[in-house]
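Residue indices begin at 1 and follow the sequence shown.
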Amino acid sequence: MERIIMESSAMAMDGASGNRQSMMLSERQIEKLKEFYGLDKPIPEAYVDWIGNVLTGELGKSTRYYMPVWDMIIERLPIALYFGVLTFIISTVVSIPLGVAKALKHGGLMDNVSSGLIFLGFAVPAYVVGVLLLTWFSFSWELFPMGGFVHEDFEDFSRGKQFLDLLWHTALPLICYLIADFAVLTVTMKNNLMENLSADYVRTAVAKGMPFKQAVKNHAFRNSLIPLASHFGNFLTAFLGGSFLIEVIFNIDGIGLLGFEALVENDYPVVMGLLAITTGLFLVGNILSDILVALVDPRVKYGAK
């Protein structure tokens, strides 16, 4: 509402030769704005109305763009899908085997070198890595573009050229997305597997004649996946929101940049809409995590008597 009042006042000043009285909105106009944004109601009643609108898919209109919040989110959803799915697939496919290898070769050269690189990547914030990558690979060496999701003439390219252009523009931000998830999953997998390898049930299986590799595959590995499955809900939250600062640095018009600009510009309907959707995805993710835990953990059987 503050934005509407300021813009209306500025428009009035431009068309009214600087008359102070013409710059101000009338009390009736302000009351109409309060009614439009639901600020004329008590907080509990306004909250109940907002929850009802959220449940019906009505997230309100942006005070900055005057567009439905839901349409703005849907418009940027393909970018969130792209980075979220690729980050999840690549980090999972690479970090789990690497964590297994580090656990089996604990204390070796590969384990020590990879641990140093992993902890370095985990310690450095993703947005700092983004600035460094832009400085080196885009500004200094001009190997990658300075930003954007695709080229401005993307629609005119052939299918093959579109694919290459998409990879060219998103390679650096994708590295930033992968760093934190990759480090956490690798270290978690290694520590879980090492803990299970030292457990009594694995040593008993080996003592009874089971080959070590088979004991790792049939017993220790599956149990080591349980903590990873329990954290699956966090993936859906990051899948939608991504990283605000990464999209700001690389000028990618995704949901992260939308949320950042909404916070800076006090666009509260967008902020609340993103918060509501992120919360809903987190709840869905927790349900999926429970299902995955039941599939991975032999001790958990839902519905069993």
Side-chain angles (χ1 to χ4, degrees), residues 1-12 24-88 149 177 230-248 251-292:
M1 190 180 71
E2 294 174 357
R3 180 189 305 279
I4 305 299
I5 294 176
M6 293 174 62
E7 291 179 355
S8 301
S9 300
M11 293 174 62
M24 303 301 296
L25 294 178
S26 66
E27 290 294 331
R28 180 175 177 80
Q29 290 173 318
I30 293 177
E31 292 299 324
K32 286 290 185 182
L33 287 175
K34 289 182 177 181
E35 181 181 354
F36 178 79
Y37 289 106
L39 300 178
D40 60 329
K41 301 177 181 179
I43 293 180
E45 182 180 350
Y47 178 75
V48 171
D49 291 343
W50 179 78
I51 289 293
N53 291 333
V54 169
L55 295 177
T56 58
E58 176 58 48
L59 301 178
K61 287 187 177 182
S62 167
T63 58
R64 182 185 183 193
Y65 297 104
Y66 309 108
M67 294 175 55
V69 174
W70 182 254
D71 293 345
M72 296 174 65
I73 295 175
I74 291 296
E75 182 181 355
R76 293 160 175 81
L77 189 59
I79 297 178
L81 285 170
Y82 177 84
F83 284 112
V85 172
L86 282 184
T87 300
F88 177 74
F149 188 66
Y177 279 106
S230 63
H231 290 291
F232 180 78
N234 297 332
F235 156 71
L236 288 181
T237 305
F239 164 80
L240 177 66
S243 174
F244 285 11
L245 294 180
I246 291 177
E247 293 191 359
V248 172
N251 193 28
I252 297 175
D253 193 16
I255 293 179
L257 181 59
L258 175 65
F260 178 84
E261 292 178 344
L263 287 172
V264 173
E265 298 293 336
N266 296 327
D267 195 346
Y268 298 118
V270 175
V271 174
M272 295 302 295
L274 290 174
L275 178 62
I277 293 178
T278 303
T279 303
L281 284 178
F282 184 74
L283 294 176
V284 173
N286 284 337
I287 295 175
L288 294 177
S289 295
D290 292 340
I291 296 175
L292 288 177

A side-chain contact here means heavy atoms from C-beta on lying under 4.5 Å apart; do I277 and L59 qualify? yes

Could you state the interatomic distance from CG (L86) to CG (L81), rounded to the nearest 0.5 Å? 10.5 Å

Check whether more than 12 heavy atoms from other residues, nucleotides or ligands sit under 6.0 Å from atom CD1 of I74, and answer yes or no. yes

Tell me, please, which residues at least two apart from D253 pass side chain to side chain donor-acceptor pair (under 3.5 Å). R76

Output for pair (Y268 OH, T63 OG1), nearest 0.5 Å, gives 9.0 Å

Which atom pair, heavy atoms only, marks the closest approach of V69 to G273? CG1-CA, 4.4 Å

Rounded distance [0.5 Å steps], CZ in F282 versus CD1 in I287: 11.5 Å

Return all side-chain donor-acceptor pairs below 3.5 angstrom for residues 45-52, not counting sequence neighbours, or 'none' if the list is empty.
| residue | atom | partner | partner atom | Å |
| --- | --- | --- | --- | --- |
| D49 | OD2 | K41 | NZ | 2.8 |

The reported gap from CG in D71 to OG in S62 (rounded to nearest 0.5 angstrom) is 11.5 Å

Please examine the side chains of F83 and I252, heavy atoms only from C-beta on, and report whether any two atoms are closer than 4.5 Å. yes

Between G259 and L274 the two heavy atoms that sit nearest each other are CA-CD1, 3.5 Å

Which atoms form the tightest heavy-atom contact between E247 and I255, and what is the distance? OE1-N, 3.6 Å

Distance col, row W70:CH2 vs E75:CD, nearest 0.5 angstrom, shows 13.5 Å

Separation between CZ (R64) and CD (E261), nearest 0.5 Å, reads 4.5 Å

